[in-house]
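One-based numbering along the sequence shown. Not measured: the values here are computed from a predicted model.
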Amino acid sequence: MGNIQDYVNRVKDISFDELLFNEVDVVILSLLCFCDFENCIPLLNSKHKITFENAYLKHLELHGNKQFGFLLGLKMNELLLLACKTNRYKNILVHSGYYCFDEKLMTQTSIYSCDINKKMTVIVFGGTDDSIVGWKENFNMILLRVAPCLINSKNYVNKVGRRKRNFILCGHSKGGMEAFYSATNCHRLVQDKIIKVYSLDGPGFSKEIIKKSNVKLMKSKLILLCPSCSVIGRIFENMQKPTIIYSSFHGLRQHDTLSWIIEGAHFKRGEKYSSKSDAFYKRIKEGLNKMDYDARQKFLICLFKVLDAGGNKTLLEISKHPHLSLRQYLHLLPEERSYLTIFFNHLASDKIIAKEFLIGLVVK
């Protein structure tokens, strides 16, 4: 057993021809989605390709060894740098980058493709970055809409999928959600080229979205991996039964894939979700079910007012100036404040959730 760094060191000289692309490799490739797309990754309409190593080193040259964001630790930089020194990852050809950031539409999407060898292309979908816009898009999904990031992802797969070679789709968190949606909603001729689809603790979908998706055709190719105390991966309905894996972290922090325990070329399997995860799932589902569409809309409007306080653009900025968000919350009208307090009090009223939330924030 070991962690992701142990895995990278163990497979550093093993090619993808010798050890096929697997679920652990998804973690490494997903991290590159947080790099500077505009300056480091050839864009979708370009025929240019760059090595994985050069893409990250270029980002490092432009931005230094800075933390990617409030929820994205410095260990991500360490792991990317380690991967760049290995024969397995450094010469992967990265291309077809797509990045969309639109404050008006409240969407953030990052996708790139990479040729891991002469036979296989992997399309990697990025999770939510540190931007408030990205998190607004996440929260907007409680309105049960098809978020812009899902449409962007499907269109990307349709365009890239016209190529002759087969490919794999993968992503962590929202990236995994985009991978599943793209696979089950892209053109049929493109679907035939998809070998596997990996979602690492990606959220689910509304029942309406699942009904309109071609889940039956793609189901055998969909792989959903969730930690035993998963919260994000249990939001809404899943297209595939999850495979439970173990993490070295506690509570909410298990969403961090760098904490997932590895055996061989796979994550260590568990048997079922923990009682803590079940408590989160039950409370969140109850809380959302009690809110009709109008109430959900008002909840989001009030939440976004708090997030936008003082012109904050990222979670890191909010963490540096928390008093601005608190002040904005206190300035909400009592009726507005109630939309937030009712939902969060519903969660916090469960002792398991309240305790686990605190432990998950401060203990690894």
Side-chain angles (χ1 to χ4, degrees), residues 26 29-30 32-38 40-49 93-115 120-129 131 133-138 140-141 143-200 202-206 208-218 221-222 236 239:
V26 174
L29 299 190
S30 296
L32 197 65
C33 285
F34 294 106
C35 289
D36 182 346
F37 265 60
E38 187 174 346
C40 303
I41 297 178
L43 299 181
L44 183 57
N45 294 323
S46 170
K47 294 182 180 180
H48 182 56
K49 297 182 180 183
L93 292 177
V94 175
H95 57 91
S96 306
Y98 173 81
Y99 185 75
C100 176
F101 182 86
D102 192 317
E103 291 187 272
K104 187 175 181 180
L105 294 177
M106 287 195 289
T107 184
Q108 168 259 323
T109 314
S110 57
I111 317 169
Y112 75 90
S113 296
C114 58
D115 302 334
M120 184 64 65
T121 293
V122 178
I123 297 178
V124 188
F125 300 85
T128 308
D129 61 15
S131 68
V133 168
W135 284 92
K136 282 183 177 180
E137 183 170 43
N138 288 347
N140 253 331
M141 291 183 193
L143 295 178
L144 305 181
R145 292 172 173 168
V146 177
C149 67
L150 299 179
I151 301 299
N152 293 339
S153 300
K154 180 190 71 172
N155 292 341
Y156 180 97
V157 170
N158 279 332
K159 185 169 186 176
V160 174
R162 289 198 296 253
R163 298 170 184 170
K164 293 182 180 180
R165 65 162 66 219
N166 294 330
F167 55 93
I168 293 171
L169 306 181
C170 65
H172 168 241
S173 195
K174 186 178 77 172
M177 183 187 197
E178 292 170 354
F180 270 26
Y181 182 83
S182 300
T184 56
N185 286 274
C186 64
H187 293 155
R188 176 62 189 271
L189 292 177
V190 176
Q191 288 177 330
D192 291 339
K193 299 179 183 180
I194 298 174
I195 304 301
K196 288 182 182 179
V197 188
Y198 292 97
S199 174
L200 306 188
F205 306 87
S206 68
E208 289 74 17
I209 291 177
I210 292 178
K211 286 179 182 178
K212 295 178 181 179
S213 302
N214 200 343
V215 178
K216 186 175 181 180
L217 175 68
M218 301 300 297
K221 301 178 182 181
L222 304 179
F236 306 127
M239 290 183 176

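Residues Met120 and Ile195 share a closest heavy-atom pair of CE-CG1, 3.8 Å. The two residues Asn214 and Gln191 have their closest heavy-atom pair at ND2-OE1, 3.6 Å. Between Val215 and Met239, the closest heavy-atom pair is CG1-O, 3.7 Å. The shortest non-hydrogen separation linking Ala179 to Leu169 is O-CD1, 3.7 Å. Of all heavy-atom pairs spanning Gln108 and Gly127, the tightest one is NE2-O, 3.4 Å. When all heavy atoms of Met177 and Phe205 are compared, the closest pair comes out as O-CZ, 3.3 Å.
Looking at heavy atoms from C-beta onward, Met141 lies in side-chain contact with Phe236 at the 4.5 angstrom threshold. For the pair Arg165/Asp115, a side-chain contact is recorded, criterion being any heavy-atom separation below 4.5 Å from C-beta on. Taking 4.5 Å as the limit, some side-chain heavy atom of Val190 sits within range of a side-chain heavy atom of Phe167. Residues Pro148 and Thr109 have side chains not in contact (no heavy-atom distance under 4.5 Å, counting atoms from C-beta outward). Taking 4.5 Å as the limit, every side-chain heavy atom of Ile111 sits out of range of all side-chain heavy atoms of Val160. At least one side-chain heavy atom of Val157 sits under 4.5 Å from a side-chain heavy atom of Phe125. Put simply, the side chain of Val94 reaches to within 4.5 Å of the side chain of Leu32, judged on heavy atoms. Residues Lys159 and Asn45 have side chains in contact (heavy-atom distance under 4.5 Å, counting atoms from C-beta outward).
Rounding to the nearest 0.5 Å gives a distance of 12.0 Å between SG of Cys100 and CD1 of Ile151. Here CZ of Phe37 is found 11.0 Å from CG of Leu44. Values are rounded to the nearest 0.5 Å. Interatomic distance, Ile41 CD1 to Cys33 SG, rounded to the nearest 0.5 Å: 7.0 Å. Taking NZ of Lys174 as the reference point, atom OG1 of Thr128 lies at 4.0 Å (rounded to 0.5 Å).
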**Asked** How far apart are the C-alpha atoms of Ile194 and Cys186, what are their side-chain angles, what is the distance that settles it, and do they pass the side chain to side chain contact (heavy atoms under 4.5 Å, CB included) test?
**Response** CA-CA 10 Å; Ile194 298 174; Cys186 64; 4.1 Å; yes
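A donor-acceptor pair under 3.5 Å is absent between the side-chain atoms of Asp102 and the main chain of Thr107, judged by distance alone. Judged by distance alone, the side chain of Glu137 and the main-chain N or O of Cys149 form a donor-acceptor pair under 3.5 Å. Between the side chain of Tyr99 and the main chain of Leu43, no donor-acceptor pair closer than 3.5 Å is present. Under a 3.5 Å cut-off, the side chain of Lys193 and the backbone N or O of Gly161 do form a donor-acceptor pair.
Between the side chains of Tyr156 and Ser113, at least one donor-acceptor pair of N or O atoms lies under 3.5 Å.
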